[in-house]
Amino acid sequence: MEKSQVFNLLNKVREVNPLVHNITNVVVTNFTANGLLALGASPVMAYAAEEVADMAKIAGALVLNMGTLHSQVVESMMIAGKSANQSGVPVIFDPVGTGATPYRTETARRIINEIEIAVIRGNAAEIANISGENWDIKGVDAGNTKGNIRELAQKTAKKLNTIVIITGKDDVVSNGDQTYIVRNGHSLLTKVTGTGCLLTSVVGAFASVETDYMLASVAALTTYGVAAEMAAKRTATLGPGSFQIEFLNQLSLITEDDLRKYSSFERVE
Ligand code: ATP
Ligand code: TZP
Ligand code: MG
Ligand code: MG
């Protein structure tokens with residue numbers, strides 16, 4: 001994959017303005033909608049069991065996020081996911097907090113068993129717990145990561161026959177055969193809630209315009225990480241509040257030149 005493909009795909013998102021249907025959590029809803037708008041996508045949040053099948057089938061992507069689970073939202077995710085699958089709409093899954101409680105772990109397994117997932121995006125502990133390993137997780141935060149993240153992504157992708165993204169200081173994307181590392185990003189992203197959740201929806205926006213979901217994932221992670229680096233530079237003497245707002249600005253302002261200069265990713269196998 002070439003650096004130029006990242007901007008080509010970002011440009012396509014800006015031109016197509018894809019509808020991204022999110023069934024997400026109450027913490028990040030507004031931030032996710034604003035981040036998708038800034039990027040150039042068209043967000044919609046729709047949860048009612050009566051309408052999710054209709055919304056999912058006309059979307060460019062469906063994003064399922066387990067952040068604030070309850071039984072009604074799980075039923076809506078199942079209906080929406082099946083409708084998306086029938087219509088060929090990619091489903092992107094954020095298994096927030098898998099491993100923190102048995103309910104979250106069981107729900108993540110149910111979603112994976114019953115719905116065909118194009119891309120799963122989580123922190124290392126969430127992906128390990130989905131994969132059947134028992135890693136400690138503190139609520140929704142990965143905490144200290146241990147083990148080989150690259151191998152974990154490869155193994156989980158093979159096992160679940162999907163694309164797996166594990167984020168952290170470096171991000172890993174794997175389909176089981178091919179694996180990329182994306183090095184862009186900034187530690188201030190960990191000081192703003194919902195930056196992982198918004199990223200999952202941004203992957204949805206890129207997957208709406210590119211059916212090679214590996215390519216779409218690498219482009220989404222790179223764009224997101226470069227926007228964060230630029231925002232951190234511009235708010236260097238300030239704190240996470242200013243960074244959060246500037247990050248939204250940079251998602252909308254980022255140029256081909258910025259991506260050419262700062263993109264940092266490589267295929268590792
Ligand atoms: P957690 O709940 O553990 O914080 P998350 O779901 O919020 O996980 P992150 O792993 O924090 O998701 O990833 C969100 C974004 O932040 C990604 O773009 C990732 O590359 C970036 N990121 C996370 N940690 C760092 C870091 N230490 N340095 C640079 N970028 C980071
Ligand atoms: N609690 C439930 S969902 C959520 C919190 C704090 C947001 C998690 O967002 P992210 O993107 O994983 O930091
Ligand atoms: Mg986080
Ligand atoms: Mg998260």
Side-chain angles (χ1 to χ4, degrees), residues 6 22-36 39 45 63-70 73-74 77 92-101 103-104 107-108 119-130 135-147 149-150 152-153 164-173 180-206 217-233 240 243-244 247-248 250-251 254 259 262-266:
V6 176
N22 302 271
I23 300 183
T24 188
N25 68 73
V26 298
V27 182
V28 306
T29 305
N30 179 272
F31 182 56
T32 301
N34 279 321
L36 285 172
L39 185 77
M45 279 57 180
V63 178
L64 303 179
N65 177 304
M66 293 203 329
T68 46
L69 276 187
H70 56 80
V73 91
V74 175
M77 284 183 185
I92 319 297
F93 180 40
D94 192 327
V96 184
T98 299
T101 64
Y103 182 53
R104 282 177 191 262
T107 303
V119 185
I120 303 182
R121 200 289 318 164
N123 63 42
E126 289 161 348
I127 300 298
N129 279 293
I130 278 197
W135 284 29
D136 286 345
I137 178 162
K138 185 173 152 199
V140 300
D141 285 329
N144 290 330
T145 50
K146 52 176 188 183
I149 304 300
R150 211 182 281 186
L152 177 63
V164 172
I165 300 174
I166 301 179
T167 53
K169 189 172 182 312
D170 292 334
D171 303 327
V172 182
V173 190
Y180 282 85
I181 306 281
V182 180
R183 301 194 198 281
N184 295 111
H186 194 277
S187 58
L188 274 168
L189 285 167
T190 67
K191 300 293 175 200
V192 176
T193 192
T195 54
C197 300
L198 169 57
L199 172 58
T200 306
S201 291
V202 165
V203 172
F206 278 80
S217 298
V218 174
L221 290 164
T222 305
T223 301
Y224 201 82
V226 170
E229 289 168 20
M230 308 215 350
K233 253 183 237 160
F243 169 77
Q244 180 181 17
F247 178 55
L248 292 178
Q250 292 304 320
L251 282 175
I254 191 164
L259 287 169
Y262 301 119
S263 292
S264 175
F265 61 84
E266 62 178 310

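We number each residue from 1, following the sequence as shown. Every number for a ligand or one of its atoms is a count from 1 in the order of the listing.
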is_close_aromatic(Y224, F206), centroid dist under 6.0 Å = no
Which protein N or O atoms sit under 3.5 Å from any N or O of ligand 1? Give each pair with its distance.
{"unit_1": "ligand 1", "atom_1": "2 (O)", "unit_2": "V140", "atom_2": "O", "d": "2.7"}
{"unit_1": "ligand 1", "atom_1": "2 (O)", "unit_2": "D141", "atom_2": "OD1", "d": "2.9"}
{"unit_1": "ligand 1", "atom_1": "3 (O)", "unit_2": "N123", "atom_2": "ND2", "d": "3.1"}
{"unit_1": "ligand 1", "atom_1": "3 (O)", "unit_2": "A142", "atom_2": "N", "d": "2.9"}
{"unit_1": "ligand 1", "atom_1": "6 (O)", "unit_2": "R121", "atom_2": "NH1", "d": "3.3"}
{"unit_1": "ligand 1", "atom_1": "6 (O)", "unit_2": "R121", "atom_2": "NH2", "d": "3.0"}
{"unit_1": "ligand 1", "atom_1": "10 (O)", "unit_2": "T167", "atom_2": "O", "d": "3.4"}
{"unit_1": "ligand 1", "atom_1": "10 (O)", "unit_2": "T167", "atom_2": "OG1", "d": "2.8"}
{"unit_1": "ligand 1", "atom_1": "12 (O)", "unit_2": "R121", "atom_2": "NH1", "d": "3.2"}
{"unit_1": "ligand 1", "atom_1": "13 (O)", "unit_2": "T167", "atom_2": "OG1", "d": "3.3"}
{"unit_1": "ligand 1", "atom_1": "20 (O)", "unit_2": "G168", "atom_2": "O", "d": "3.2"}
{"unit_1": "ligand 1", "atom_1": "20 (O)", "unit_2": "D171", "atom_2": "OD1", "d": "2.7"}
{"unit_1": "ligand 1", "atom_1": "20 (O)", "unit_2": "D171", "atom_2": "OD2", "d": "3.0"}
{"unit_1": "ligand 1", "atom_1": "22 (N)", "unit_2": "G168", "atom_2": "O", "d": "3.2"}
{"unit_1": "ligand 1", "atom_1": "30 (N)", "unit_2": "H186", "atom_2": "N", "d": "3.2"}
{"unit_1": "ligand 1", "atom_1": "30 (N)", "unit_2": "H186", "atom_2": "O", "d": "3.4"}

Is R121 close to L199 at the side-chain level, that is, under 4.5 Å between some pair of heavy atoms?
-> yes
Does E126 reach the main-chain N or O of G97 with its side chain, forming a donor-acceptor pair under 3.5 Å?
-> yes
Any donor and acceptor pair, going by atom type alone, linking the side chain of T68 with main-chain N or O of V26 inside 3.5 Å?
-> yes
Do V182 and S264 touch side chain to side chain, with heavy atoms closer than 4.5 Å?
-> no
Determine the sole option in L198, L36, T29, D94 for which the side chain to side chain contact (heavy atoms under 4.5 Å, CB included) test with N22 is passed.
-> L36
Salt-bridge test for E266 and R183: reply yes if a basic N is under 4.0 Å from a carboxylate O, no otherwise.
-> yes
Atom CD of E229 and atom CZ of F247: how far apart are they, to the nearest 0.5 Å?
-> 10.5 Å
CG of L221 to CG of D171, rounded to nearest 0.5 Å, is 5.0 Å
Around ligand 2, what residues show up once you keep those with a heavy atom under 4.0 Å from it?
-> N25, V27, V28, G67, V140, T193, G194, T195, G196, C197
